[in-house]
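Only one structure is covered here, and it is reproduced in the block below.
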Amino acid sequence: MNNILQDARILLVEDEMLICLDIEFMLQEFGCKVVGPAATVSKALALIDMEQIDLAVLDVNLGHEKSYPIVDRLTMLDIPFLLSTGYAEIDATYDDCPRLQKPFSRTQLRDRLIRLRAVALDENGAKHDHQV
């Protein structure tokens with residue numbers, strides 16, 4: 001079976017250095033190309049504007065700001081994302097977003113990213129088929 005995550009460009013948004021390094025290492029082990037990482041909303045938004053992104057892993061709490069503006073931009077661009085948070089409380093507007101509760105395992109992260117990527121690739125294929 002092909003590695004669906006191989007060469008996928010993943011935007012990583014995380015403000016805690018050790019957690020960021022851990023997630024970055026896991027993504028690289030999965031064969032992903034890490035975009036960023038970014039520790040702030042403004043840096044993440046700039047990366048979205050400058051880089052090709054296939055998926056994103058977003059910490060909800062970034063110091064004194066939340067990553068919701070990043071979620072909004074990714075949603076507008078149809079880029080799948082995964083919220084990672086150590087807190088159970090998410091703003092009600094974003095309650096249905098895919099998420100992973102910290103701390104999470106390598107397997108949990110990989111499985112969630114595989115599902116997101118598979119859905120995105122299926123949807124892109126379906127959109128392409130309908131355009132013919």
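Just so you know, these numbers use all the heavy atoms, side chains as well, and skip hydrogens, waters and symmetry mates.
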Euclidean distance, T75 OG1 relative to I70 CD1, rounded to 0.5 Å: 11.5 Å
Main-chain N/O of Q108 paired with S105 side-chain donor or acceptor, under 3.5 Å: yes
Trace of the side-chain contact (heavy atoms from CB on, under 4.5 Å) decision for F81 with I53: CA-CA 10 Å; F81 60 88; I53 297 169; over 6 Å; no
Main-chain N/O of I10 paired with D54 side-chain donor or acceptor, under 3.5 Å: no
Contact check, side chains of V57 and L100, non-hydrogen atoms, under 4.5 Å: no
Donor-acceptor contact present, side-chain E65 to main-chain V41, <3.5 Å: yes
Which side-chain N or O atoms in residues 42-51 pair as donor and acceptor under 3.5 Å with protein atoms at least two apart or in another chain?
{"unit_1": "S42", "atom_1": "OG", "unit_2": "T40", "atom_2": "OG1", "d": "3.4"}
{"unit_1": "D49", "atom_1": "OD1", "unit_2": "R73", "atom_2": "NH1", "d": "2.8"}
{"unit_1": "D49", "atom_1": "OD2", "unit_2": "R73", "atom_2": "NH1", "d": "3.4"}
{"unit_1": "E51", "atom_1": "OE1", "unit_2": "R9", "atom_2": "NH2", "d": "2.7"}

Reported OG1-to-CE distance for the pair T107 and M26, which is rounded to 0.5 angstrom: 10.0 Å
Under 3.5 Å donor-acceptor, R112 side chain and R99 backbone: yes
Contact summary for L62 and S67, nearest pair of heavy atoms: CD1-CB, 4.0 Å
Trace of the salt bridge (charged side-chain N to carboxylate O under 4.0 Å, His left out) decision for D59 with K102: CA-CA 9 Å; D59 183 14; K102 289 179 187 174; 3.2 Å; yes
Separation between CG of L21 and CD of E14, rounded to the nearest 0.5 Å: 10.0 Å
Over all atoms of both residues, closest heavy-atom pair of C20 and L12: O-CD2, 3.7 Å
For L55, the option from V35, L11, L113 that meets side chain to side chain contact (heavy atoms under 4.5 Å, CB included): L113
D91 backbone acceptor or donor facing Y68 side chain under 3.5 Å: yes
Single-linkage hydrophobic cluster I23~M17, side-chain heavy atoms < 4.5 angstrom: no
Crowding at CE, M76 (>12 non-hydrogen neighbours, <6.0 Å): yes
Contact summary for Q28 and V34, nearest pair of heavy atoms: CG-CG2, 4.2 Å
Verdict with supporting geometry, L116 and L82, side-chain contact (heavy atoms from CB on, under 4.5 Å): CA-CA 8 Å; L116 284 173; L82 182 62; 3.9 Å; yes
Nearest-0.5 Å distance, CD of residue E29 to CG of residue L5: 12.5 Å
Working for side-chain contact (heavy atoms from CB on, under 4.5 Å), residues C97 and V71: CA-CA 9 Å; C97 294; V71 170; 4.2 Å; yes
Side-chain (N3) to main-chain (F30) donor-acceptor, under 3.5 angstrom: yes
4.5 Å side-chain heavy-atom contact, R117 and P80: no
Atom CG of L18 with >12 non-hydrogen neighbours under 6.0 angstrom: no
